[in-house]
Amino acid sequence: MAFRARHLLGIEPLHPAEIATLLDLADTYVDLNRQPDKRADALAGLTQINMFFEASTRTQASFEIAGKRLGADVMNMTMQASSIKKGETLIDTALTLNAMHPDLLVVRHPQSGAVDLLAQKVNCAVLNAGDGRHEHPTQALLDALTIRRAKGRLNRLNIAICGDIAHSRVARSNILLLHKLENRVRLIGPPTLMPAQIGELGVEVYHDMREGLSGCDVVMMLRLQRERMDGGFIPSEREYYHRYGLDAEKLAYANPDAIVMHPGPMNRGVEIDGTLADDINRSVIQEQVEMGVAVRMAAMDLLARNMRVVPADA
Ligand code: NCD
């Protein structure tokens, strides 16, 4: 099935077959990225602008590498140095860039909904690289590819998402994607870090790690996102690690072949034990980073194909 969308703003509007199309294409880019010569020309002639209004290591670097490997001209806007600091609004900045005819705009913004709003104002394809606590679609897609390659399938799995769910766009996009493909999702964490509308998510909720992890195939850990917290959500980091930090003893409650995931950035000794994070027999954290480049190549390639389609009545 073709990928129909003009933008990639979230997982919510995607059809399961579109997700499969994207992941299949990403698999081919994983192979390309392992060759000495990594160049392809799917984005040749196109201009990609990365606008990151929030800190990012993995996401920004992988979008930049993805664009360059596919032949796009890639520009990184340093938003700290831009006219936003002089009081220009997000929309004015977007309209200014739009006038320079970019083809792909990759945007990360601290406000939920800001990227959708921006997409309505420009004529190019917009990719959401994370908006507030709303969505982070390419993260969910790279997680899906990592799971599919490790487990050989992406349905009927028991997947635990653990920790600071309330502030996490990664959790939201993952829940949406994993449900579309008929997996069972459990959320594990303290009541203070569970989202308000939890009843609408169709998930099972646990407040005890050992209970929640039993029978799981995939264990996805999340960072405590302090920049989004205004007040005391947890007693202390030590107490949090004791109850919710993933270590070998707690992981033993999951299935023996369960994989450990983390989107990064990781706080060792807070939500995850450092030795476990580095254990290549259990942790797929480095694979997630590798899949991130391939998934972003696939996403931009598919959006670019839609740009080049000539309407039937033209
Ligand atoms: C996440 C993000 O920014 O949403 N990181 C990422 O993109 N890999 C998760 C986080 O910040 O904890």
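Just so it is clear, the model here is predicted, and its values are computed rather than measured. Residues: numbered from 1 along the sequence shown. Atoms within each ligand, like the ligands themselves, are counted from 1 in listed order.
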Which of the ligand 1 atoms, numbered from 1, are nearer than 4.0 Å to a heavy atom of Arg108: 2 (C), 3 (O), 7 (O)
Any donor-acceptor pair under 3.5 Å from Arg282 side chain to Ala258 backbone: yes
Heavy-atom check, side chain of Leu246 versus side chain of Met209, under 4.5 Å: yes
Nearest neighbour in protein (non-hydrogen) for atom 7 (O) of ligand 1: His136 NE2, 2.8 Å
Test item: His167 and Met229 side chains (from C-beta on) under 4.5 Å apart, heavy atoms: yes
Side chains of His136 and Arg108, donor plus acceptor under 3.5 Å: yes
Check: Glu227 N/O within less than 3.5 Å of ligand 1 N/O: no
Shortest protein contact, atom 6 (C) of ligand 1 (heavy atom only): Gly264 O, 3.6 Å
Protein contact of atom 8 (N) of ligand 1 - nearest heavy atom, named by residue and atom, plus distance: Pro263 O, 3.0 Å
Nitrogen or oxygen atoms of Val170 and ligand 1 under 3.5 Å apart: no
Contact check: Pro265 vs ligand 1, nitrogen or oxygen atoms, below 3.5 angstrom: no
Nearest candidate to atom 2 (C) of ligand 1, where distance is taken over non-hydrogen atoms, out of Gln139, Arg169, Arg133, Gln60: Arg169
Salt bridge present between Asp257 and Lys151 (N-O < 4.0 angstrom): yes
Backbone or side-chain N or O of Arg223 under 3.5 Å from ligand 1 N or O: yes
4.0 Å heavy-atom contact, Glu54 with ligand 1: no
Polar side-chain atom of His179 near backbone of Gly202 as donor-acceptor pair, under 3.5 Å: yes
Side chains of Asp143 and Gln139, donor plus acceptor under 3.5 Å: yes
